[in-house]
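Worksheet for the structure shown next.
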Amino acid sequence: MDLNQYRKRVGNRFGKASMTYDESAIAQRAIARTLSKILRNYLAHHASGFPRNGLEIGCGTGLLTRHLQSLCPSAHWVLNDIQEAGKKSALSYCAEDTEFICQDAESLETDRHFQLIASASTFQWFARPDRMIERFARWQSAGDVLLFSTFLPDNLREIRQLTGIGLSYPTSGDWRRWLERDYIIHHQQEERLTLCFDTPMQVLLHLKQTGVTGTNSGVWSAGKLRSFCEAYMHFYRTSGNQVTLTYQPIYVLAERI
């Protein structure tokens with residue numbers, strides 16, 4: 001699959017999941033809350049009246065947006081997402097002058113300056129995350145802040161180990177190396193979030209309802225689905241007779257040098 005088809009598929013999957021995303025995005029909602037706490041702590045100790053303007057990459061339905069608006073009520077915001085399905089929801093948390101740009105972030109070009117660039121659970125979709133960090137640095141000046149979460153290589157390990165399907169995630173060392181060219185890292189934190197479901201079919205439904213299956217185009221036969229569920233129960237059953245699904249987020253707050 002070429003890159004344009006890949007990006008279109010990701011956008012389509014998230015667009016279809018927009019109506020069920022907020023209710024089903026348990027891990028993503030917790031991640032947005034953690035990011036907001038990191039930013040709140042930074043603002044309390046490092047800034048006064050900061051920021052005046054900001055850019056949110058991959059706003060989706062507004063899980064992080066609502067926190068950013070609360071923490072930075074006087075800022076002028078630009079929201080970006082690859083699809084418009086969540087636009088109404090995201091903008092409902094924002095001031096009337098908030099801008100929305102429907103575009104793949106990796107093709108986004110601007111000569112504007114942003115004191116805060118923020119993103120939750122989006123950077124894992126970048127084909128060249130190192131180049132995106134360089135681009136963000138061009139949009140910021142000394143003292144400006146980049147705040148984001150993404151995922152590490154053990155993310156959704158159950159799915160990857162059983163199907164061989166999954167994204168290629170950079171390591172925490174990769175992110176540090178890319179960032180340290182232009183930023184001072186004030187906060188870098190790794191976490192494991194383990195969700196439990198009654199059945200493997202509920203795991204698959206959760207992934208579908210959150211759009212996480214954006215890289216999987218295959219249609220499973222009844223036999224393949226049955227084998228998957230049996231293997232999932234065998235390898236990932238808990239003592240309470242449920243099954244697990246693991247998220248491995250990384251949180252970063254960095255200041256432009």
Side-chain angles (χ1 to χ4, degrees), residues 1-22 25 28 31-32 35 53-65 68 76-94 98-114 116-140 144-152 155-156 165-170 174-175 178-179 182-183 207-217 249-250 252 254:
M1 183 190 305
D2 67 31
L3 189 56
N4 288 333
Q5 289 177 317
Y6 165 78
R7 288 170 173 164
K8 183 177 180 181
R9 172 163 293 156
V10 171
N12 287 343
R13 292 293 174 91
F14 277 105
K16 291 177 180 178
S18 64
M19 297 300 293
T20 57
Y21 186 84
D22 278 11
Q28 292 84 352
I31 288 167
L35 275 178
N53 54 71
L55 168 67
E56 184 184 357
I57 299 291
C59 66
T61 58
L63 292 185
L64 179 61
T65 309
L68 296 174
H76 174 76
W77 280 93
V78 177
L79 306 186
N80 157 260
D81 204 273
I82 197 172
Q83 48 82 28
E84 289 193 344
K87 175 182 177 180
K88 182 177 180 181
S89 176
L91 288 176
S92 70
Y93 301 105
C94 302
T98 301
E99 300 175 58
F100 182 89
I101 300 175
C102 183
Q103 190 172 342
D104 172 11
E106 287 190 281
S107 64
L108 185 63
E109 293 290 350
T110 182
D111 57 3
R112 296 167 71 170
H113 165 258
F114 299 101
L116 174 60
I117 297 176
S119 181
S121 307
T122 296
F123 286 11
Q124 68 274 10
W125 299 108
F126 291 161
R128 288 296 306 271
D130 55 335
R131 291 184 179 176
M132 287 303 297
I133 296 298
E134 293 174 355
R135 183 174 299 177
F136 295 150
R138 293 198 299 270
W139 298 345
Q140 297 193 293
D144 295 340
V145 169
L146 175 62
L147 172 77
F148 69 92
S149 70
T150 185
F151 297 100
L152 296 174
N155 195 57
L156 304 180
I165 295 170
L167 296 174
S168 178
Y169 299 98
D174 291 329
W175 287 109
W178 297 331
L179 286 162
D182 298 293
Y183 291 88
L207 296 175
K208 180 179 180 180
Q209 290 179 336
T210 54
V212 175
T213 53
T215 59
N216 181 12
S217 61
I250 180 173
V252 176

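Because the structure is predicted, anything quoted here is derived from the model rather than measured.
Counting only residues at least two apart or on different chains, the salt bridge (Lys or Arg N to Asp or Glu O under 4.0 Å) pairs with a member in residues 116-128 are Arg128-Asp130.
Applying the side chain to side chain donor-acceptor pair (under 3.5 Å) rule to Thr65 yields the partners Glu56; only residues at least two apart in sequence or on another chain are considered. Partners of Phe114 by ring pair (Phe, Tyr, Trp, His ring centres under 6.0 Å), not counting sequence neighbours: none found. Among residues two or more places apart in sequence or in another chain, the side chain to side chain donor-acceptor pair (under 3.5 Å) test is passed with Thr150 by Gln124. Taking Glu99 as the reference, His76, Val78, Arg112 meet the side-chain contact (heavy atoms from CB on, under 4.5 Å) condition, with sequence neighbours excluded. For Glu134, the salt bridge (charged side-chain N to carboxylate O under 4.0 Å, His left out) partners are Arg181, not counting sequence neighbours. Residues passing the side-chain contact (heavy atoms from CB on, under 4.5 Å) test with Ala137 are Asp182, Tyr183, Arg256, sequence neighbours excluded.
Side-chain N or O atoms of Ser149 include one that pairs as donor or acceptor with a backbone N or O of Ser121 at under 3.5 Å. The backbone N or O of Glu106 lies less than 3.5 Å from a partner atom in the side chain of Arg135, making a donor-acceptor pair.
To the nearest 0.5 Å, the span separating CG on Leu179 from CD1 on Ile133 amounts to 4.5 Å. Atoms CG and OG1, from Leu55 and Thr110 in turn, are 8.5 Å apart once rounded to the nearest 0.5 Å. Taking CD of Glu109 as the start and CZ of Arg138 as the end, the distance is 6.5 Å to the nearest 0.5 Å. The distance from atom CZ of Phe100 to atom CG of Asn80, rounded to the nearest 0.5 Å, is 7.0 Å. Within the model, atoms OH of Tyr93 and SG of Cys59 stand 11.5 Å from one another, a figure rounded to the nearest 0.5 Å. A distance of 10.0 Å separates CD1 in Ile31 from CG in Leu63, rounded to the nearest 0.5 Å.
Inter-residue side-chain proximity for Trp178 and Pro129 is flagged as met; some heavy-atom pair is nearer than 4.5 Å. The closest side-chain heavy-atom distance from Leu167 to Trp125 is below 4.5 Å.
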Using the side-chain contact (heavy atoms from CB on, under 4.5 Å) rule, take Val252 and Leu146 through it: C-alpha gap first, then chi angles, then the decisive distance, then the call. CA-CA 8 Å; Val252 176; Leu146 175 62; over 6 Å; no
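Pairing each heavy atom of Ile82 with each of Asp104, the nearest pair is CG1-CA, 4.0 Å. Taking all atoms of both residues into account, the shortest heavy-atom contact from Leu64 to Ala118 is CD2-CB, 4.3 Å. Closest of all the heavy-atom pairs between Cys94 and Leu79 is SG-CD1, 3.8 Å. What you find for Asp81 and Gly58 is that their closest heavy atoms are OD2-C, 3.2 Å.
Within the 6.0 Å centre-distance limit, the rings of Phe148 and Trp175 are counted as a close aromatic pair.
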